[in-house]
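My structure is below; once you've seen it, I'll send some questions.
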There are 2 protein chains.
Amino acid sequence: MAEKKSEKKSKYDQRYKAAVDAAAAVFAEKSYHGCGTTDIAHKLNIKQGSLYYYFKSKEAALEAVCLMGITEQANFLAELISKELSFAENIKAITQFSLKSLRENGDYIVVFNNDRKSIPLERRGKVREQSHNYHLMLMDIFRTGQEKGEIKAELDILISVRAYTGLLSSASKWYHSEPTIDLAAVLNQFSEMFLNGAIK
Amino acid sequence: MAEKKSEKKSKYDQRYKAAVDAAAAVFAEKSYHGCGTTDIAHKLNIKQGSLYYYFKSKEAALEAVCLMGITEQANFLAELISKELSFAENIKAITQFSLKSLRENGDYIVVFNNDRKSIPLERRGKVREQSHNYHLMLMDIFRTGQEKGEIKAELDILISVRAYTGLLSSASKWYHSEPTIDLAAVLNQFSEMFLNGAIK
DNA sequence: AACTTTTTCTATAAATCTATAGAATATATT
DNA sequence: AATATATTCTATAGATTTATAGAAAAAGTT
């Protein structure tokens, strides 16, 4: 009976996850305001009205997608920090994880990057918290790197963090449409360029 | 009479420019699909229906904004190339011009970056042409830089260009909300990081 | 098989949004 | 001043969208 209950629950959960996936895919392709709930329902093979069995509102779907996108990244950062690696190793690890996430959960990251501002203020709390947290952890990694003398002393840490996150998030714009480009090549070059620069 | 005619024409042109500015501001703030024509009209201090005296459609307004955003950048690149500077000088000049444009015409660039995909296919021609052109010119600058031995030989040019444009376009996400940060500081650090890297 | 719960469907209310047409007002010209 | 032109307004048609309510169907339970 406990087994049956958990099976039942997991059936709903599976379907709920499929709904969030569908929302992520549609939001990523057309943007939150650029799509209708019909599009999401169609991708799930159900009718528009049925979607509200899983989401209280379209906004709730957006929140779920964004939260999942940033939470995965934040959790990874927290784990990474506990390992106390060098700055260069941290950058390589973060770049690798980000690009792998882009390939496996690209829609979530794209939606977080592009549409998180469309979450209404009263619902934005959790997403803001996670992304603020992510930012703080990155700042921490950079600050530590500079204190240890790994990062050039003259660099402003905030600008550096912004530049690095910008580099990563920009990858989400083209990575998906260029399957030719090899993941490892991008990874190596991003890390190399960011750490050591483009010129000799 | 010729003077009066041109004055008249320029009155319409002034107002048309104000309309495009208003559209850019609203699109940048709420995104193309996230706003209504009412928002644009309100910013212009006219009623919603009056907007159609200046734009045939909302989509036409979007096209005008995007085209202006990318054209300015493309024109600058074309001029720059004719000067035949070194790679490092080119990067500094492009970074400087981009950040200056961001400050002065930020809305146009934000809209081009975020919403150009919302231009319907049949209207996208001119914008695509200009942005393809921009990409080709950047590729050219990087290729030349590598041939002259300024860029590390092992770097893939396409990935480098993507990384650099990503760095620039990401600035449009935060520069606006952080008036504390000095333009010159960002400029120097962006160029420095991209050229020489973050670590010692 | 009868019953309960879960999931999906149909139909629709209510709000919103783009675009148009024709009236009204302002501005320029003769 | 009378007339023409340019600009804005009002009102609205028509399409679309989100969300809800209650019926129907599917799945699970006893």
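By convention in this document, chain letters (A, B, ...) are assigned in the order of the sequence lines, proteins followed by strands, and residues within each chain are numbered from 1.
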Atom OH of B:Tyr12 to atom C1' of D:dT7: distance rounded to whole Å?
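Result: 11 Å.
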B:Asn188 and B:Glu192: side chain donor to acceptor below 3.5 Å:
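There is no such pair (donor and acceptor under 3.5 Å, judged by atom type) between the side chains of B:Asn188 and B:Glu192.
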Kindly give the heavy-atom pair with the smallest separation between B:Asp107 and B:Ala28, and that separation in Å.
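Taking B:Asp107 first and B:Ala28 second, the nearest heavy atoms are OD1-CB, 3.6 Å.
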Between B:Gln48 and B:Thr38, does the side chain to side chain donor-acceptor pair (under 3.5 Å) criterion hold? Intermediate values first, please.
CA-CA 5 Å; B:Gln48 184 265 336; B:Thr38 305; 5.4 Å; no
Contact list please: residues 18-33 of chain B against DNA chain D, heavy atoms, distance less than 4.0 Å, in numerical order.
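Of all residues in residues 18-33 of chain B, none places a heavy atom under 4.0 Å from DNA chain D.
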Just by distance, no angles: are the side chains of B:Ser101 and B:Tyr108 close enough, under 3.5 Å, to form a donor-acceptor pair?
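No.
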Rounded to whole Å, how long is the line connecting atom NZ of A:Lys11 with atom P of D:dA26?
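Whole-Å distance recorded here is 15 Å.
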When you check the gap from the basic side-chain N to the acidic O, do B:Asp21 and B:Lys17 get nearer than 4.0 Å?
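Yes, B:Asp21 and B:Lys17 are salt-bridged.
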Would a line drawn from the ring center of B:Phe194 to the ring center of A:Phe194 be shorter than 6.0 Å?
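No, ring centres 6.0 Å or more apart.
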Looking only at side-chain N and O atoms, does A:Arg15 come under 4.0 Å of OP1 or OP2 in C:dT6?
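No, no such contact exists.
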Step by step, work out the side chain to side chain donor-acceptor pair (under 3.5 Å) result for A:Tyr32 and B:Ser31.
CA-CA 10 Å; A:Tyr32 175 72; B:Ser31 91; over 6 Å; no
DNA chain D contacts made by residues 34-55 of chain A, counting heavy atoms under 4.0 Å
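The stretch gives A:Cys35, A:Gly36, A:Thr37, A:Gln48, A:Gly49, A:Tyr52 as the residues lying under 4.0 Å from the strand, ordered by number.
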Expressed in angstrom and rounded to an integer, what is the separation of A:Asp13 atom CG from C:dT6 atom C1'?
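Distance check: A:Asp13 CG to C:dT6 C1' gives 14 Å.
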Length of the line joining A:Leu62:CG and D:dT18:P, which is rounded to integer Å
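For the pair A:Leu62 CG and D:dT18 P, the rounded distance is 12 Å.
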Does any N or O in the side chain of B:Arg116 come within less than 3.5 Å of the main-chain N or O of B:Val127, such that one atom is a donor and the other an acceptor?
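Not a single qualifying donor-acceptor pair exists.
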What is the distance, rounded to the nearest whole Å, between atom NZ of A:Lys56 and atom C1' of D:dT20?
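Answer to the nearest Å: 13 Å.
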